[in-house]
Amino acid sequence: VSLNGCTLYFSKSDDVFKLNDIILSPSQVYTFSSKKNDHHADCVLDTKELLHDKKADTAILYDAYGRIIAICNNGIEK
């Protein structure tokens with residue numbers, strides 16, 4: 001699976017990251033982290049934190065055509 005051209009969006013911070021040169025093999029796990037917590041992540045994004053730890057936050061992965069392909073939240077209700 002190629003993530004080239006995909007966009008990763010975080011609702012609380014309104015951060016947007018374009019993904020390039022990421023190709024996943026079947027059952028491969030690919031990890032993202034922030035500059036603050038770059039513990040052996042495959043990709044360190046230029047932000048303080050990925051998902052807010054005290055307020056509701058959602059990460060949305062869009063394909064190159066703008067369609068949602070994955071959603072993840074931090075489990076905190078609004």
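Worth knowing before you read on, the calculation uses all heavy atoms, side chains too, and leaves out hydrogens, waters and symmetry mates. Numbers here simply count residues along the sequence, with the first being 1.
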So which atom in [X] and which in [Y] form the shortest heavy-atom distance, rounded to 0.1 Å?
| X | Y | answer |
| --- | --- | --- |
| Ala59 | Leu51 | N-CD2, 3.9 Å |
| Asp57 | Phe10 | OD1-C, 4.0 Å |
| Leu50 | Thr47 | CD2-CG2, 3.8 Å |

Checklist entry - If Ile, Leu, Val, Met, Phe, Trp and Tyr residues are connected whenever their side-chain heavy atoms lie under 4.5 Å apart, and connections chain through other members, are Leu3 and Val16 in the same group? => result no
Would you tabulate the side-chain donor-acceptor contacts of residues 19-28 under 3.5 Å, counting partners in other chains and residues two or more places apart, or write 'none'?
{"from": "Ser25", "atom 1": "OG", "to": "Gln28", "atom 2": "OE1", "distance (Å)": "3.3"}
{"from": "Gln28", "atom 1": "OE1", "to": "Ser25", "atom 2": "N", "distance (Å)": "2.8"}

Checklist entry - Out of curiosity, His52 NE2 to Ser11 OG, how far, rounded to the nearest 0.5 Å? => result 10.5 Å
Checklist outcome for this item: Interatomic distance, NZ@Lys12 vs OG1@Thr58, rounded to 0.5 Å, equals 11.0 Å
Checklist entry - Which residue pairs pass the salt bridge (charged side-chain N to carboxylate O under 4.0 Å, His left out) test when at least one of the two sits in residues 22-34, sequence neighbours left out? => result none
Does any non-hydrogen side-chain atom of [Y] lie less than 4.5 Å from one of [X]?
| X | Y | value |
| --- | --- | --- |
| Ile76 | Lys55 | no |
| Cys6 | Tyr62 | no |
| Ser34 | Leu45 | no |
| Leu8 | Phe32 | yes |

Donor-acceptor pairs are to be reported for all side-chain atoms of residues 65-73 against protein atoms at under 3.5 Å, with residues two or more places apart or in another chain.
{"from": "Arg67", "atom 1": "NE", "to": "Asp63", "atom 2": "OD2", "distance (Å)": "2.7"}
{"from": "Arg67", "atom 1": "NH2", "to": "Asp63", "atom 2": "OD2", "distance (Å)": "2.9"}
{"from": "Asn73", "atom 1": "OD1", "to": "Gly75", "atom 2": "N", "distance (Å)": "2.8"}

Checklist entry - Does the side chain of Lys18 come under 3.5 Å of the side chain of Thr7 through a donor N or O and an acceptor N or O? => result yes
